[in-house]
Amino acid sequence: MSRQTFLEPFNAKTMSYAEVARTFVPSTKFTQLAGAWNSVLVGPRGGGKTTLLKMLSVEGQEAWAGPVSEPYKKTLGYTGIYVPSDIAWGTMLESLQEAGQDERVVTLFSQAAFVTHVLLAVAAGIERHVSRHPPLRPQHVALPEGASNLPTQAELERVIASIAVMWRVKPVSLSSASLVDALRLRLLDIKQDAHLLAQLGGTVGPSQDYLGMDMLESASQALQAFDATYQRPDHRWCLLLDEFEVAPMHLQKTVLAAMRASGAHKILLKVALAPCGPDLLYEQQSNAPPSQINDVQQVELWYADKAEASDFCQQVFLSRSSSYPALRDKTPTEVFGTSAFAVVDDSGETEQIGLFVPASSKDKKQISDQFQSLAGKDTSFVEFLQRKQIDLSQELGLQPHDPHGNTLRKIAPLVAFRNAYRGKGVGRKRGVKPFNTAYSGWESISAISEGNPRWLIGLVTRIMSQSDLRQFPVPTPQQTSAVQWNCQRYAEMLQAVANEQFGSIKTSTPIYEVLSKIGKYFHDRLVTTNFVEDPPMSFVVDDRVSDDVEHALRIAVNHGAIVCFEAAADVGGFRTLRGKRFRLTYLLAPVFKLPMRKSKSVSLSTILEAKPEAPAEQVVLVPDQGGKWTQEGLWAN
């Protein structure tokens with residue numbers, strides 16, 4: 001079996017627009033992003049940033065078919081130009097710095113490469129429009145239908161010549177295709193000049209007239225002239241800048257600052273960033289950063305609560321299930337069944353209603369067996385039952401209208417995990433096979449995916465590859481085996497993650513080491529100490545946590561390993577993690593033997609400074625007159 005991480009085969013960056021559009025599912029996040037405003041799209045790796053930006057491009061819109069697409073196509077109000085990232089922006093900067101070049105020269109060259117890269121995408125957008133709407137030629141005696149606003153060939157050539165002068169390029173002919181070719185040559189020239197400058201030294205010569213060009217102004221003026229030629233002066237364009245966290249810091253500062261001024265101009269900006277990028281480690285010196293209130297719409301691709309992502313996961317599954325004939329017309333619940341142990345978080349009860357279908361008789365018996373087994377070896381759990389007046393001799397109902405239904409549903413996963421890993425001795429754990437039952441069923445699979453489409457597709461694909469596609473629901477062992485495999489590969493990826501990102505986030509603390517300490521602390525609190533209804537399963541990054549650990553967590557955030565409960569106050573993500581509440585991603589729950597819930601929080605410093613686990617105190621229960629609450633009499637009718 002390949003050790004390739006399951007994240008890799010589903011990267012929209014390498015897929016065609018038609019492939020991306022074929023199974024695209026518009027979410028509330030897409031609606032927030034799509035409007036005619038400046039946007040910052042923040043999300044971890046695999047969160048769907050590239051997919052969303054590609055679907056806003058003119059190519060993505062043309063490839064997207066079906067009734068769902070029509071409302072978006074009618075209201076988009078701009079032509080989207082997708083601009084992929086280019087590692088040359090950073091490598092060029094590094095090579096010039098290593099050669100000892102002046103910082104101003106370094107900035108000029110990396111900015112020139114970026115601006116040319118953007119202009120190349122703009123020129124490709126112009127070429128696409130011209131190919132769809134070719135100019136009128138002298139032989140046209142009568143105008144084609146709908147061609148009243150088309151320019152003549154001479155008018156188009158004049159605007160191409162004008163744009164070439166603005167951009168300081170010399171196309172071999174006055175055509176949009178030649179303009180694209182000239183910019184490709186310009187990009188090669190910049191890289192060659194930077195390489196020679198780094199290797200041979202010297203100074204910037206006057207012939208390098210591509211230096212110092214302004215990205216927004218250069219693109220805006222060119223598109224203004226082009227649209228005037230096509231008699232649509234009010235038309236707007238949108239630059240879709242993907243993976244912009246790889247750009248040098250000064251470029252990010254330039255683009256983010258431009259958002260404050262571009263709202264009423266020809267060009268909108270939509271920028272995709274990692275949640276913790278280098279742009280958030282500096283304070284802008286001259287211009288204030290853009291505001292989420294006045295300048296940009298910030299869209300964050302993570303879900304602190306399962307309820308928010310549940311419907312999106314179902315739609316993603318249905319969009320892909322046509323690839324498997326055996327799955328057509330089947331709901332994800334029919335394919336994977338329901339989870340025996342409900343996935344519950346601490347959001348409002350109203351959000352929880354409807355997430356969990358009524359438990360089957362089999363599930364009820366399984367849950368009842370877990371409760372009785374734990375009560376037989378854990379006196380602190382018996383005390384909890386006594387305090388809550390829960391009688392295990394009665395049938396356990398998990399619906400809100402059942403007696404103690406809310407409490408039983410909430411603690412059912414805790415009871416099962418505690419029972420699986422707790423030995424008969426006081427506060428002791430026992431060595432058993434992993435308790436994987438909680439990670440099967442559609443509710444659990446969708447929760448583990450965190451609403452991350454690439455993760456969900458990877459989980460479903462792995463399960464389907466292990467199934468004969470004849471028995472539904474897919475047997476639990478096949479589900480849990482596939483889920484465990486994917487989660488272990490994700491953990492291995494985190495263990496191999498570099499301790500430096502973007503040249504500015506550096507730590508000497510291994511990222512996975514911090515995550516492991518957090519996971520072990522939660523597992524120990526769940527299994528060895530006295531039973532409580534709400535053990536801590538989330539943490540707050542407090543001021544006692546070192547900067548080194550905080551930087552390790554920043555890298556973890558960028559990989560989706562921890563999920564924040566709060567929206568980022570700063571444009572572009574988190575300037576600091578301190579004071580923020582997080583939980584481990586549910587993708588690590590099977591690895592650290594945890595239920596999928598967030599529960600109450602504890603300070604991170606408490607976790608990192610925790611001493612080896614102490615056994616739970618022995619609880620001595622005093623039976624009532626009927627002996628009902630003694631362990632011997634607990635099951636009596």
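- The backbone N or O of Pro84 lies less than 3.5 Å from a partner atom in the side chain of His117, making a donor-acceptor pair.
- In this structure a side-chain-to-backbone donor-acceptor pair under 3.5 Å is missing from Ser57 to Tyr82.
- Under the 3.5 Å distance criterion, the side-chain polar atoms of Trp37 are matched with a main-chain donor or acceptor of Gln32.
- Once rounded to the nearest 0.5 Å, the distance linking CD1 of Ile81 with CG of Leu53 reads 13.0 Å.
- Among residues two or more places apart in sequence or in another chain, the salt bridge (charged side-chain N to carboxylate O under 4.0 Å, His left out) test is passed with Lys580 by none.
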For this session: Check the pair Val180 / Ile126 against side-chain contact (heavy atoms from CB on, under 4.5 Å), numbers first and verdict last.
Result: CA-CA 9 Å; Val180 170; Ile126 290 174; over 6 Å; no
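- The ring of Trp167 has its center no closer than 6.0 angstrom to the ring center of Tyr210.
- More than 12 non-hydrogen atoms from other residues, nucleotides or ligands lie less than 6.0 angstrom from NZ of Lys73.
- Considering only heavy atoms from C-beta on, Leu273 stays 4.5 Å or farther from Leu41 through its side chain.
- In this structure, Ala34 and Leu56 approach most closely via the heavy-atom pair CB-CD2, 3.7 Å.
- Residues passing the salt bridge (charged side-chain N to carboxylate O under 4.0 Å, His left out) test with Glu62, sequence neighbours excluded: Arg128, Arg132.
- Within the 4.5 Å cutoff, no side-chain heavy atoms of Val42 are placed close to those of Val299.
- In this view, Arg22 satisfies the salt bridge (charged side-chain N to carboxylate O under 4.0 Å, His left out) rule with no residue, not counting sequence neighbours.
- Partners of Phe312 according to the ring-ring contact (aromatic ring centres under 6.0 Å, His included) rule, which considers only residues two or more places apart in sequence or in another chain, do not exist here.
- Considering all non-hydrogen atoms of both residues, Lys49 and Gly43 come closest at NZ-O, 2.8 Å.
- Note on Glu245 versus Arg45: no salt bridge recorded, every NZ/NE/NH1/NH2 to OD/OE distance being 4.0 Å or above.
- For the pair Lys13 and Glu243, the salt-bridge criterion is met [side-chain N within less than 4.0 Å of a carboxylate O].
- For the atom pair CD1 (Ile511) and CG (Leu553), the distance works out to 9.0 Å, reported to the nearest 0.5 Å.
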For this session: Please assess Thr31 against Tyr72 for the test side-chain contact (heavy atoms from CB on, under 4.5 Å), listing each intermediate value before the final yes or no.
Result: CA-CA 9 Å; Thr31 303; Tyr72 292 96; 3.1 Å; yes
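- The aromatic rings of Phe539 and Phe582 sit parallel to each other, their planes meeting at less than 30°, with 60° as the upper class boundary.
- Under 3.5 Å, the side chains of Glu443 and Ser339 contain a donor-acceptor pair of N or O atoms.
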For this session: Output, in order, the C-alpha distance, side-chain angles, deciding distance and verdict of side-chain contact (heavy atoms from CB on, under 4.5 Å) for Tyr512 and Val497.
Result: CA-CA 8 Å; Tyr512 195 73; Val497 165; over 6 Å; no
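- Remark: Cys313 SG to Leu456 CG distance equals 5.0 Å, nearest 0.5 Å.
- Closest approach of Cys238 to Lys270, counting heavy atoms only: SG-CG, 3.6 Å.
- If you run side chain to side chain contact (heavy atoms under 4.5 Å, CB included) between Ile457 and each of Val316, Thr23, Asn452, only Val316 comes through.
- A 4.5 Å side-chain heavy-atom check between Thr51 and Met15 finds every atom pair outside the cut-off.
- Rounding to the nearest 0.5 Å places CE of Met537 at 6.5 Å from OG of Ser599.
- Of all heavy-atom pairs between Val122 and Ala219, the closest is CG2-CB, 4.2 Å.
- Residues passing the salt bridge (charged side-chain N to carboxylate O under 4.0 Å, His left out) test with Lys506: none are found, sequence neighbours excluded.
- The line from CZ of Arg583 to CD1 of Ile518 is 13.0 Å long, rounded to the nearest 0.5 Å.
- Glu450 and Thr585 share a donor-acceptor pair across their side chains, judged by distance under 3.5 Å alone.
- A donor-acceptor contact closer than 3.5 angstrom links the side chains of Gln501 and Asn558.
- Using a 4.5 Å heavy-atom threshold, the side chains of Leu239 and Val118 count as touching.
- Inspection of the Asp548 and Thr507 side chains reveals an N or O donor paired with an N or O acceptor under 3.5 Å.
- Remark: side-chain polar atoms of Tyr439 are paired, donor with acceptor, to backbone N or O of Ala589 under 3.5 angstrom.
- Shortest non-hydrogen contact noted between Pro453 and Gly46 is CD-O, 4.0 Å.
- Thr116 places no side-chain N or O within 3.5 Å of a backbone atom of Ala113 that could act as its donor or acceptor partner.
- In this structure, Asp542 contributes its side chain and Leu604 its backbone to a donor-acceptor pair below 3.5 Å.
- Residue pairs meeting the side chain to side chain donor-acceptor pair (under 3.5 Å) criterion with at least one member in residues 218-228, sequence neighbours excluded, are Glu217-Gln221, Asp227-Arg232, Asp227-Trp237, Asp227-Lys266.
- Considering all non-hydrogen atoms of both residues, Ile448 and Cys487 come closest at CG2-SG, 4.3 Å.
- Looking at heavy atoms from C-beta onward, Leu52 lies in side-chain contact with Phe24 at the 4.5 angstrom threshold.
- Cation-pi contact between Arg578 and Phe574: absent, since separation from the ring centre below 6.0 Å together with deviation from the ring axis within 45° is not met.
- A salt bridge does not link Asp547 to Arg554: none of the charged nitrogens lies less than 4.0 Å from a carboxylate oxygen.
- Counting only heavy atoms from C-beta outward, the side chains of Val115 and Asp214 never approach each other to under 4.5 Å.
- The backbone N or O of Leu33 sits nowhere less than 3.5 Å from a side-chain atom of Gln297 that would complete a donor-acceptor pair.
- Side chain of Glu59 to backbone of Lys54: no donor-acceptor contact under 3.5 angstrom is found.
- With no hydrogens or angles considered, no side-chain donor-acceptor pair links Tyr586 and Ser444 at under 3.5 Å.
- Here CE of Met493 is found 6.0 Å from NE2 of His559. Values are rounded to the nearest 0.5 Å.
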For this session: Output, in order, the C-alpha distance, side-chain angles, deciding distance and verdict of side chain to side chain donor-acceptor pair (under 3.5 Å) for Thr79 and His129.
Result: CA-CA 10 Å; Thr79 298; His129 185 81; over 6 Å; no
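- With ring centers used as reference points, Phe109 lies 6.0 Å or more from Phe114.
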For this session: Dump the intermediate steps for side-chain contact (heavy atoms from CB on, under 4.5 Å) on Leu268 and Arg236, then the final yes or no.
Result: CA-CA 7 Å; Leu268 297 170; Arg236 303 184 83 179; 3.3 Å; yes
